[in-house]
Amino acid sequence: MKMSNNEYSMWRLLRRLYWDIADKGERKYYFYCLISQIPSSFGNMLRARFCAKFFRKAGKNLSVLAGTRFRSMEKLKVGNNVVIGFDNFIQALGGVTLGDNVLMGPGVKIWSANHLYASSERLIREQDIELKPVLIGNDVWLAANVFIAPGVELPDGVVVGAGAVVNVKKYRPYALLAGNPARMIGVRGEQKRGGDV
Amino acid sequence: MKMSNNEYSMWRLLRRLYWDIADKGERKYYFYCLISQIPSSFGNMLRARFCAKFFRKAGKNLSVLAGTRFRSMEKLKVGNNVVIGFDNFIQALGGVTLGDNVLMGPGVKIWSANHLYASSERLIREQDIELKPVLIGNDVWLAANVFIAPGVELPDGVVVGAGAVVNVKKYRPYALLAGNPARMIGVRGEQKRGGDV
Amino acid sequence: MKMSNNEYSMWRLLRRLYWDIADKGERKYYFYCLISQIPSSFGNMLRARFCAKFFRKAGKNLSVLAGTRFRSMEKLKVGNNVVIGFDNFIQALGGVTLGDNVLMGPGVKIWSANHLYASSERLIREQDIELKPVLIGNDVWLAANVFIAPGVELPDGVVVGAGAVVNVKKYRPYALLAGNPARMIGVRGEQKRGGDV
């Protein structure tokens with residue numbers, strides 16, 4: 001039962017390429033994939049310049065490090081002095097807002113759309129997609145590999161430790177979060193230990 | 001103790017390149033790396049067309065999103081309507097089977113080969129590799145960053161939450177799994193909470 | 001409040017590109033990004049040859065698999081027979097040492113520099129960066145997606161399970177670590193279960 005070559009015939013592929021490029025929303029990803037891996041400050045600034053044109057809002061002094069992916073860039077609002085880290089992936093379909101001075105480590109993912117699967121009678125792919133906006137406050141640091149689930153709101157000053165999976169919950173400002181699922185392990189400004197999240 | 005340039009001399013490198021390209025199993029990865037980052041529907045269909053030729057079995061309506069890696073493609077069986085997500089990595093050396101309507105989020109890894117390390121007397125790299133097939137049922141959703149260990153079998157309808165590390169264990173159909181290590185946190189069709197895994 | 005095009009004007013971008021390329025430390029990343037995705041043994045050897053020139057120390061028989069990133073390569077010491085895995089990311093700013101026969105799975109990250117955030121009165125981006133060296137012993141296996149925090153020391157023979165987040169703590173030789181945060185779940189040479197981390 002090999003996939004027949006006719007299913008994705010060359011003709012169908014080329015027509016699809018034409019549609020992608022004719023679509024204003026998709027076309028930019030073709031250009032972005034050409035610059036996505038350019039290293040160093042030049043790459044960071046070139047991507048920032050490009051992204052700022054397509055984000056819903058982009059503050060000053062934005063850095064977009066190499067390998068970063070976006071979906072629905074046009075629903076992403078970014079404050080001043082934000083660093084979007086190496087290999088980050090922001091799916092902004094449900095709306096994502098990053099405050100000022102947000103720092104993101106490598107491999108961070110922020111998601112704002114989810115499959116619904118409440119029914120076990122119907123296939124997940126035939127159930128709806130749920131959109132839930134994500135709000136990240138000012139002066140938040142998301143360390144390496146953090147995953148932010150749809151609907152999460154992080155108040156100002158929160159620090160999220162490496163590999164934490166942050167679900168929808170009430171978090172206090174300046175909370176230190178860690179673990180999968182993430183829970184509060186301290187408060188910034190009150191902690192005893194050094195700074196190794 | 002710098003590595004001497006002679007260890008990987010240009011001559012040795014070029015000979016190696018020749019061997020890689022002469023090897024039917026390796027050659028395809030050179031082509032695949034050229035198309036691996038092409039965005040949008042065109043990229044998804046082009047990769048699907050390419051992969052379908054090399055998978056052991058490929059169903060209809062396959063999507064292979066950007067950045068995905070494969071090892072031992074020839075041991076991967078994929079059902080109908082499968083979405084292999086952004087930056088997924090499937091190591092199919094021990095055999096991997098994905099059912100129909102499987103959805104995979106970004107950064108999912110499925111592994112079917114493991115280093116053995118039972119002996120502490122011998123180096124891990126000198127011990128064997130263990131192959132254990134992975135079986136993923138129909139209508140399964142693996143959310144972002146999920147890791148599936150060698151030997152795992154997931155029955156139909158299972159949903160695995162973001163960042164979960166799924167080890168070999170008996171799981172019931174339609175289970176909701178989350179955490180590292182993954183444990184059952186509910187059952188699809190019976191859950192109270194929304195859908196945020 | 002769109003970012004003004006003047007902030008990252010073409011002139012400023014080109015000047016930045018010139019600075020990057022004029023800087024001996026940065027220039028190499030431009031070349032590295034061209035070879036970073038080359039597949040198979042040829043790619044692994046080509047990257048190893050390249051990296052060995054810039055690492056502080058590189059042993060024999062090094063493999064650097066595709067998609068791997070480095071920062072501060074010049075502070076990375078690597079022993080003999082080391083495999084740096086697919087899509088690994090080593091930030092060696094604070095110094096990173098890998099012993100002999102270290103094996104790294106896909107998606108491993110090793111970090112040696114951290115933001116300090118003890119004060120909640122000042123922005124994290126205005127607080128210092130803390131450098132803490134990482135030491136990985138001989139015959140250590142870091143499985144898929146492992147994160148090694150700044151300052152971690154792993155003795156000889158340690159095995160770290162997939163997705164584990166390893167913080168600074170005292171670990172014994174040949175320990176089996178797993179989870180987020182990582183804790184000891186057994187000892188190599190004494191374990192009962194097979195080898196599925």
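Atoms considered below: every heavy atom in the structure, side chains included; atoms not considered: hydrogens, waters and symmetry mates. Everything numeric in this text was worked out from a predicted model, so none of it was measured. Here is the naming used below: chain letters follow the sequence lines, and residue numbers restart at 1 for every chain.
- Interatomic distance, OG of B:Ser63 versus OH of A:Tyr8, reported as 5.0 Å (0.5 Å rounding).
- Taken to the nearest 0.5 Å, the CG atom of B:Leu46 stands 6.0 Å off from the CE atom of A:Met10.
- There is no contact between A:Trp19 and chain B, counting heavy-atom distances below 4.5 Å.
- Annotation: side chain of A:Asn145 is not in contact with side chain of B:Asn145 (no heavy-atom distance under 4.5 Å).
- Between B:Trp141 and A:Tyr117, the angle of the ring planes lies from 30° to 60°, which puts this pair in the tilted group.
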Original post:
Would B:Ser40 and A:Tyr30 count as a side chain to side chain contact (heavy atoms under 4.5 Å, CB included) if you check the C-alpha gap in whole Å, the side-chain angles of each, and the deciding distance to 0.1 Å?
Top reply: CA-CA 8 Å; B:Ser40 290; A:Tyr30 282 84; 3.7 Å; yes
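- Put simply, the side chain of B:Asn101 never gets that close to the backbone of A:Leu123: no donor and acceptor are under 3.5 Å apart.
- The shortest non-hydrogen separation linking A:Arg16 to B:Phe42 is CG-N, 3.7 Å.
- Taking the side chain as every heavy atom from C-beta outward, B:Gln37 and A:Arg69 approach each other to under 4.5 Å.
- Between B:Asp139 and A:Arg122 there is no salt bridge, since none of the side-chain N atoms of the basic residue sits less than 4.0 Å from a carboxylate O of the acidic one.
- Between B:Asn81 atom CG and A:Arg125 atom CZ the span is 3.5 Å, to the nearest 0.5 Å.
- The contact between B:Ala66 and chain A is made by backbone and side chain atoms together, counting heavy-atom distances below 4.5 Å.
- Using a 4.5 Å cut-off on side-chain heavy atoms (C-beta onward), B:Pro106 and A:Lys109 make contact.
- Smallest separation of non-hydrogen atoms from A:Tyr29 and B:Pro39: O-CG, 3.4 Å.
- Considering only heavy atoms from C-beta on, A:Glu7 stays 4.5 Å or farther from B:Arg49 through its side chain.
- When the options B:Val159, B:Val140, B:Val102 are evaluated for a side chain to side chain contact (heavy atoms under 4.5 Å, CB included) with A:Ile124, the one that passes is B:Val159.
- Between chain A and the options B:Asp87, B:Asn180, B:Asp100, the largest number of non-hydrogen pairs under 4.5 Å is found for B:Asp87.
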